[in-house]
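All remarks here apply to the structure that follows.
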2 protein chains.
Amino acid sequence: MPTFTPIKQVKASDEVYNQLKEAILTEQYKAGDKLPSERELIEMFQVSRTVVREAIKVLEANSFVEIKQGSTGGAFVRHITFERLSNACFDLFMSGKMSLPEIAQARILIEPAAAKLAVRNCTDADLDKIKQIVESEHTLSGENDDMVYNRSHLHYLIAELTGNRFLEAIIKSLAILVREVTKDLQPSFHPDKVHPAGMHDELLRAFLDRNDEAVFKAMHDHLHEFRDRLIAAEENFRTHYSK
Amino acid sequence: MPTFTPIKQVKASDEVYNQLKEAILTEQYKAGDKLPSERELIEMFQVSRTVVREAIKVLEANSFVEIKQGSTGGAFVRHITFERLSNACFDLFMSGKMSLPEIAQARILIEPAAAKLAVRNCTDADLDKIKQIVESEHTLSGENDDMVYNRSHLHYLIAELTGNRFLEAIIKSLAILVREVTKDLQPSFHPDKVHPAGMHDELLRAFLDRNDEAVFKAMHDHLHEFRDRLIAAEENFRTHYSK
DNA sequence: ATATGTCAAATGTATAACATTTAAAAAAGG
DNA sequence: CCTTTTTTAAATGTTATACATTTGACATAT
């Protein structure tokens, strides 16, 4: 009996999407470039406007392009970043498929080793930056969200210093997730209670010494303490604002 | 002077998307449920079919629903998985924003510690499963892709045994990425050369001993060796099939 | 010069018609 | 009665057209 392969009727909009995505990935359209207008794409693909629009809409959903309206508008190719990955993490968390303790544990597992990598790569200029960031944590005070953002700067920088873009993406996604959740928890806990100034001091010392084992331990201890505070804050939030 | 806030004209399709997404995340629509048909959604949101379709299309792009055609068709809510995260990783790799060495390094950093977690959680039944998987790696032989899939089973199981769904998602995404790339590299390298049978034997012994430090080391050594083989295969691929 | 108005090009929305897919129901045949 | 075939209905997929809205560039008036 001859062997046949099943027919897969791909939808037109998916086909358009795939071709455009391929063109972007192979940099036939580079970041900043404008994709052809809907009208032109209709001509090129010989399909209806609906099909073209749905394809572009999915490109936008997947962070490949940004759609702008107006006379100079169109679908502009974006720099591919970890944003999509971060959004996926966020929705997984929001759907209850990941808990805060799990996120915190993952950080404990990943970031100390990452920081160890970072301290090996960092230049004197990088050390200066780290120092500035930690110092700014002490001077900055206020009720607003600025503090919450401020507290994640150091983790961002360390993520970049690993020189590993995958680790960078993961660590930043985790930091963003924790940051957003912390903002939600604010009503019951001032951010300073979850992450008081000075929590990074030991880490800074270890970096300035360029002592990778000490950096590992400092990050480990920091994240352990932070996890406990975060879980306590969440507990407090649940009891006060039960829904 | 009074303070005004800028007006953000949200597009109708985005608004529909957000409301539907929210309903899915809060489990007003559970996995397996069918969203209202396009016609009903038009009534409910009082918008055109175009708007409804674009919203649903984006839901599908983000893995929230699966669209089926036909008389019993519609948009069916999916179980939220790490698939979106995995796809994001894949595209980042495809766009050159992550290299194979970086992926391999990330695995070296993450999986040994994860395996250490796993060995603490695993039951006798789990140990049996691990044993079976490793043994099947020796018996299975063939040119096809089955072997490539077979080689990642163990990493999958260990990911699940961590009991941490974030780590599980990350580790599986990495495994998938490496697996797909390995398949591409096949023309030049038989999969058995990249990941020969027996590479997991030491890891199995450590698990059977329930020796977490040994597990850590075995995973570490395994991934180091695998990384070197993978990089060599990629090198070979580039020189033979330069494009 | 500066503000204002006009215009054109692009995306956003609405509507209607038809095509295709799919499973279930009805009909036909043995 | 069971099996096969045909019909049907309900859903999504596609096309086409018209109009609305947004936005920057250009022209114009003051």
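Just so it is clear: chains get the letters A, B, ... in the order the sequence lines come, proteins before strands, and each one is counted from 1. All of these numbers come straight from a predicted model, not from anything done at the bench.
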Notebook entry, point to check: Does a side-chain heavy-atom distance below 4.5 Å link B:L85 with B:C89?
Noted result: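 Result yes, sub-4.5 Å side-chain heavy-atom pair found.
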
Note to self: Using side-chain heavy atoms (C-beta onward) and a distance below 4.5 Å, is B:E168 in contact with B:F82?
What the structure shows: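 No, side chains not in contact.
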
Next item on the list: Could you tell me the separation between the SG atom of A:C122 and the CD atom of A:E160, rounded to the nearest 0.5 Å?
Entry: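 Result: 13.0 Å between the selected atoms.
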
Check: Which nucleotide in the list D:dA10, D:dG13, D:dT21 gets nearest to the side chain of B:E38?
Finding: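 Nucleotide nearest to B:E38's side chain: D:dG13.
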
Next item on the list: Between D:dA11, C:dT11, C:dT13, spot the one nearest the side chain of B:K34, thanks.
Entry: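 Nucleotide nearest to B:K34's side chain: D:dA11.
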
Checklist line | Nearest-nucleotide 5' precedence on DNA chain D, A:K11 against A:T72 | finding: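 Looking at the nearest nucleotide for each, A:K11 comes out on the 5' side.
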
Next item on the list: Determine, for B:E83 against B:R78, whether the closest basic-nitrogen to carboxylate-oxygen distance falls under 4.0 angstrom.
Entry: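 So B:E83 pairs with B:R78 through a salt bridge.
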
Checklist line | Basic-acidic side-chain contact under 4.0 Å: B:E60, B:K57 | finding: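 Yes, this pair counts.
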
Next item on the list: Give a yes/no answer on whether the side chain of B:Q9 brings an N or O atom under 4.0 Å of OP1 or OP2 in D:dT21.
Entry: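 No, B:Q9 has no side-chain N/O under 4.0 Å of OP1/OP2 on D:dT21.
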
Rounded to whole Å, please give me the gap between [atom1] in [X] and [atom2] in [N].
X     : N      : atom1 : atom2 : value
A:E40 : C:dT11 : CD    : P     : 9 Å
A:R39 : C:dG12 : CZ    : P     : 17 Å
B:Q69 : C:dT21 : CD    : P     : 7 Å
B:F76 : C:dA23 : CZ    : P     : 10 Å
A:Y17 : D:dG13 : OH    : P     : 17 Å
B:E15 : D:dT21 : CD    : C1'   : 18 Å

Check: Between A:S152 and A:R179, does any side-chain donor sit less than 3.5 Å from a side-chain acceptor?
Finding: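 Side chains of A:S152 and A:R179: pair found under 3.5 Å.
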
Next item on the list: Return the residues of residues 45-67 of chain A meeting this criterion: a heavy atom under 4.0 Å from some atom of DNA chain C. Order them by number, or give none.
Entry: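 The stretch gives A:R49, A:R53, A:I67 as the residues lying under 4.0 Å from the strand, ordered by number.
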
